[in-house]
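Here's the structure, in structure tokens; my notes come after.
Quick note on labels: first sequence line is chain A, next is B, and so on, each numbered from 1.
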2 protein chains.
Amino acid sequence: MDIDKILDKIYPIRTLSKLKLIECFKEVRHPKNHVIIHSDKVEKDVYFIKKGIARTFSDFLDGEVTIAFGEEGDTIISLKSYILNQSGYENIELLEDCELYKISVAKLQDLFSTDIHIANWGRKFAEQELIKAEQRFISNQLGTATERYLELLKKHPTLLQRVSLGLIASYLGITQVSLSRIRANIK
Amino acid sequence: MDIDKILDKIYPIRTLSKLKLIECFKEVRHPKNHVIIHSDKVEKDVYFIKKGIARTFSDFLDGEVTIAFGEEGDTIISLKSYILNQSGYENIELLEDCELYKISVAKLQDLFSTDIHIANWGRKFAEQELIKAEQRFISNQLGTATERYLELLKKHPTLLQRVSLGLIASYLGITQVSLSRIRANIK
DNA sequence: AGAAAAATTTAACAAATGATAAAAAACGAT
DNA sequence: ATCGTTTTTTATCATTTGTTAAATTTTTCT
């Protein structure tokens, strides 16, 4: 998905401002398994996925929590770096070879403070992410793990072909073994 | 908490724009148990809590999911109405008699499109909510219900005095009876 | 193709949570 | 203050999920 379409999907910007914004992106590639965002660093850049898939996760004493999966058009971003200029709680790793669009947080903030159309695009960007985050919370609060698994499959039908079972389990808040058992019971 | 402080806590706005924004708020009161946001309606207004406490929840076939509690300074908002102009999934009820600041979504959007400082305030508002939503997701994914309960208490020490056990349980994703049992085991 | 590594399944038992019901305690309206 | 309502606790049993370990399947690398 090219950058023009990605930006428009979030919120259409008038042409002049959009060109100003697009011109600040740089295309980069990274291989599968590359960890592109680190929880212990203040990350200087934000990425949009042109091609590939990524996983956001937090590390804890007793393992990992997968927070989200990102596919084409989605963002690779350390929220705490982007919003608070602090090191965060998220790591992000690429689950496939990826083509990404990259822009610096500083450049974005500069544009936000000088161009009202870009500022409103940035507002819409945060708002869309907010809706997604709230829906993730509700879904994972609801029903049994079986129901949550089925709903995830319905919402992201291709995910299972692209992502290992253990990662999906950690997204659902259960163990990999439990998810395997659940799948056995569905068939 | 008065509106000036509430706005500044989200993001300091330059004085002239802040006055423009504050002037659009109206103070209203509603009694305990009033349902101020309905999931089946496109809500026209957004509220900030001057005094009191509120609960955001979704209704489902097999009961309710509490999404968040809001205290002084927090927002009472239908995200889907605010962001997408659609009816949503959230209901919000007041758990105490409340004093609120109210502004229309339309007026806010008008200000966003004409005043870059207010647009950036709106961006920061969404961003702060996004951080909170992500942290809620992570917390509720992590550890046992006991740990999540203790963490909630640590983060919102007064909540237990203000909110019934059943509501806290539905926030933690467990039943009220389970939470009662958990509390018995802690002591 | 074949060996090594990684991912998934299966199984058995333990621990946590759900469901239901009844008792006790706290709260509210008159 | 007291009666009626709501909330919380306690108890029992069923279900779900966790833990561990081993077997099986799939993937990766040469």
Side-chain angles (χ1 to χ4, degrees), chain A residues 31-35 52-53 55 57 60-66 69 93-97 138-153 156 158-187, chain B residues 31-35 52-53 55 57-66 69 93-97 137 139-153 156 158-187:
Chain A
K32 178 171 177 170
N33 294 326
H34 177 61
V35 176
I53 189 166
R55 176 178 79 105
F57 63 100
F60 290 98
L61 304 161
D62 49 350
E64 291 178 353
V65 172
T66 293
F69 296 103
E93 65 172 359
L94 307 182
L95 301 178
E96 299 174 352
D97 293 347
I138 294 173
S139 297
N140 275 42
Q141 211 66 342
L142 210 60
T144 66
T146 305
E147 292 165 336
R148 301 202 302 274
Y149 172 70
L150 291 174
E151 192 181 338
L152 179 65
L153 275 199
H156 296 278
T158 66
L159 201 64
L160 200 59
Q161 282 91 58
R162 302 175 84 178
V163 171
S164 83
L165 213 56
L167 300 185
I168 290 178
S170 110
Y171 177 77
L172 294 173
I174 58 177
T175 63
Q176 181 269 324
V177 176
S178 288
L179 180 52
S180 185
R181 173 169 44 196
I182 284 168
R183 278 152 52 94
N185 289 334
I186 287 171
K187 289 167 203 164
Chain B
K32 177 170 177 170
N33 294 327
H34 177 61
V35 177
I53 190 166
R55 175 178 79 105
F57 64 99
S58 265
D59 264 322
F60 290 97
L61 304 160
D62 49 352
E64 290 178 353
V65 172
T66 292
F69 296 103
E93 66 172 359
L94 306 182
L95 301 177
E96 298 174 352
D97 293 347
F137 182 88
S139 297
N140 274 42
Q141 211 65 342
L142 211 59
T144 66
T146 304
E147 292 165 336
R148 301 201 303 273
Y149 172 70
L150 291 174
E151 191 181 339
L152 180 65
L153 276 199
H156 296 279
T158 66
L159 201 65
L160 200 59
Q161 282 91 59
R162 301 175 85 177
V163 170
S164 82
L165 213 56
L167 301 186
I168 290 178
S170 110
Y171 177 77
L172 294 173
I174 57 177
T175 63
Q176 180 270 323
V177 176
S178 287
L179 180 53
S180 185
R181 173 170 42 194
I182 282 169
R183 277 153 52 93
N185 289 334
I186 287 171
K187 289 166 203 163

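- The shortest side-chain heavy-atom distance between B/Leu152 and B/Ile168 falls under the 4.5 Å cut-off.
- If you check D/dT9, D/dG18, C/dT10 against the side chain of A/Ala184, the one that comes closest is C/dT10.
- For the pair B/Glu147 CD and D/dG18 C1', the interatomic distance rounds to 13 Å; values are reported in whole Å.
- The minimum heavy-atom distance between A/Leu179 and A/Ala169, with the atom names listed, is CD2-N, 3.6 Å.
- Summarising the geometry, the separation between CG on B/Leu165 and P on C/dA25 is reported as 16 Å, rounded to the nearest angstrom.
- Remark: the B/Tyr149 side chain and the B/Arg183 side chain contain an N/O donor-acceptor pair separated by less than 3.5 Å.
- The phosphate of D/dT17 has neither OP1 nor OP2 within less than 4.0 Å of any side-chain N or O from A/Ser178.
- The residue among B/Leu167 and A/Lys32 whose nearest nucleotide of DNA chain D is located toward the 5' end is B/Leu167.
- The distance from atom CZ of A/Arg183 to atom P of D/dT17 is 15 Å, rounded to the nearest whole Å.
- The phosphate of D/dG18 (OP1 or OP2) has a side-chain N or O of A/Thr175 nearer than 4.0 angstrom.
- The CD1 atom of B/Ile182 sits 17 Å away from the P atom of D/dA11 (whole-angstrom rounding).
- A/Ile174 has its CD1 atom 13 Å from the P atom of C/dT8, to the nearest Å.
- Atoms CG (A/Asn185) and P (C/dT10) sit 10 Å apart, rounded to a whole Å.
- In this structure, the nucleotide among C/dA11, C/dT8, D/dT10 sitting nearest to the side chain of A/Ser180 is C/dT8.
- For B/Gln141 and D/dT17, the CD to C1' distance is 14 Å, given to the nearest whole Å.
- Phosphate proximity of C/dA7 to A/Ser164: absent, as no side-chain N or O sits under 4.0 Å from OP1 or OP2.
- Distance A/Ile186 CD1 to C/dT8 C1': 15 Å, rounded to the nearest Å.
- Between the side chain of A/Gln141 and the backbone N or O of B/Tyr171, at least one donor-acceptor pair lies under 3.5 Å.
- A/Leu167 places a side-chain heavy atom less than 4.5 Å from the side chain of A/Glu93.
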